[in-house]
Amino acid sequence: MTLVKTRAAFEKAVTDAVKDVDPTVKMVYDNVGYTRPGKTVKYIVMTVNFGQATQQAQGAASSFYAGFVQCRVYVPKNKGTSVLAAVSESVITGLTSVNASDYVDTYSCSPRVSDISGPGIVVDNQDESHCLGVITCQFSAIA
């Protein structure tokens, strides 16, 4: 298992769930350079932070990763919070999909999430073009 595979498992799970609900939402990942999307574009900035990455010395020397995922959901102000809520729900669906008994672990990292918070809706600022909702959760992965 690698950090890359763990990151990919969470990115794919969220991306697939979001695209199933609204294929117009642009996904932006923290490890890829990007230009801020335009004022009329719905988008998500996804960050995967590793708080712990260890290889256990006992037994078969399995690797363990833990940290948190943050998804910042941006929708144009004129779309309202109902659109923000719908996109946020698809993010949560994607995050929790890795815990489902029928989840197919194509990255061989046994991803799991817990303690999902949000969407914490940030009060829109008049100078900003988008409303923002923030979703965070803890994760772990074992190989």
Side-chain angles (χ1 to χ4, degrees), residues 1-56 60-143:
M1 174 174 70
T2 66
L3 297 169
V4 172
K5 286 184 178 182
T6 300
R7 173 185 293 280
F10 291 109
E11 288 176 349
K12 181 169 178 18
V14 171
T15 300
D16 288 352
V18 169
K19 294 299 178 196
D20 284 348
V21 172
D22 187 344
T24 67
V25 176
K26 180 174 175 56
M27 291 295 302
V28 177
Y29 309 102
D30 66 328
N31 61 338
V32 178
Y34 72 96
T35 302
R36 186 174 178 178
K39 293 180 178 185
T40 61
V41 177
K42 294 176 277 188
Y43 66 101
I44 297 167
V45 179
M46 184 172 182
T47 304
V48 179
N49 287 300
F50 292 90
Q52 180 179 4
T54 60
Q55 185 157 9
Q56 306 299 323
S62 63
S63 297
F64 175 80
Y65 298 127
F68 72 91
V69 175
Q70 181 183 70
C71 293
R72 295 181 309 275
V73 180
Y74 295 88
V75 299
K77 276 186 183 180
N78 61 351
K79 297 292 181 186
T81 57
S82 65
V83 173
L84 182 62
V87 175
S88 296
E89 282 198 32
S90 68
V91 168
I92 293 168
T93 297
L95 290 169
T96 58
S97 71
V98 302
N99 292 354
S101 60
D102 62 348
Y103 173 73
V104 178
D105 186 10
T106 58
Y107 296 97
S108 301
C109 64
S110 302
R112 295 290 177 261
V113 297
S114 64
D115 301 329
I116 295 176
S117 300
I121 298 175
V122 177
V123 177
D124 55 4
N125 180 336
Q126 286 185 335
D127 297 332
E128 295 293 326
S129 60
H130 288 76
C131 290
L132 167 64
V134 180
I135 299 165
T136 59
C137 73
Q138 295 176 354
F139 78 84
S140 64
I142 302 172

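If you read the sequence from its start, that first residue is 1, and numbering goes on from there.
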Under 3.5 Å, which donor-acceptor pairs do the side chains of residues 86-96 form with other protein atoms, sequence neighbours left out?
{"from": "Ser88", "atom 1": "OG", "to": "Leu84", "atom 2": "O", "distance (Å)": "2.8"}
{"from": "Ser90", "atom 1": "OG", "to": "Val87", "atom 2": "O", "distance (Å)": "2.6"}
{"from": "Thr93", "atom 1": "OG1", "to": "Glu89", "atom 2": "O", "distance (Å)": "3.0"}
{"from": "Thr96", "atom 1": "OG1", "to": "Ile92", "atom 2": "O", "distance (Å)": "3.0"}
{"from": "Thr96", "atom 1": "OG1", "to": "Thr93", "atom 2": "O", "distance (Å)": "3.2"}

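At least one side-chain heavy atom of Thr6 sits less than 4.5 Å from a side-chain heavy atom of Phe50. Between Glu11 and Asn31 there is a side-chain heavy-atom pair separated by less than 4.5 Å. Considering only heavy atoms from C-beta on, Pro76 comes within 4.5 Å of Lys42 through its side chain. Residues Arg72 and Thr47 form a side-chain contact, since some pair of their non-hydrogen atoms from C-beta on lies under 4.5 Å apart. Phe10 is listed as a side-chain neighbour of Pro111, based on a closest heavy-atom distance under 4.5 Å.
Residues meeting the salt bridge (Lys or Arg N to Asp or Glu O under 4.0 Å) test with Asp30, sequence neighbours left out: Arg7. Taking the salt bridge (Lys or Arg N to Asp or Glu O under 4.0 Å) definition, one finds that Asp16 meets it with Lys12, sequence neighbours left out.
Heavy atoms only, all atoms of each residue included: Tyr43 and Arg36 are closest at OH-NE, 3.3 Å. Taking all atoms of both residues into account, the shortest heavy-atom contact from His130 to Gly38 is CE1-O, 3.3 Å. Residues Ala9 and Tyr107 come closest through the heavy atom pair CA-CD1, 3.6 Å. The two residues Val98 and Ala13 come nearest to each other via the heavy atoms CG1-CB, 3.8 Å.
Applying the side-chain contact (heavy atoms from CB on, under 4.5 Å) test between Lys26 and each of Val45, Ile44, Val41 identifies Val41 as the sole match.
To the nearest 0.5 angstrom, Asn49 atom CG is 12.5 Å from Gln138 atom CD. Expressed to the nearest 0.5 Å, how far OH of Tyr65 lies from CZ of Phe139 amounts to 10.0 Å. Ser117 OG to Phe68 CZ: the interatomic distance, rounded to the nearest 0.5 Å, is 11.5 Å. Of the inter-residue distances, the one linking Met46 atom CE with Cys71 atom SG reads 4.5 Å to the nearest 0.5 angstrom.
Formation of a donor-acceptor pair under 3.5 Å by the Asp105 side chain with backbone atoms of Ser110 is found in this model.
Applying the 6.0 Å contact sphere to NZ of Lys19 captures more than 12 heavy atoms from other residues, nucleotides or ligands.
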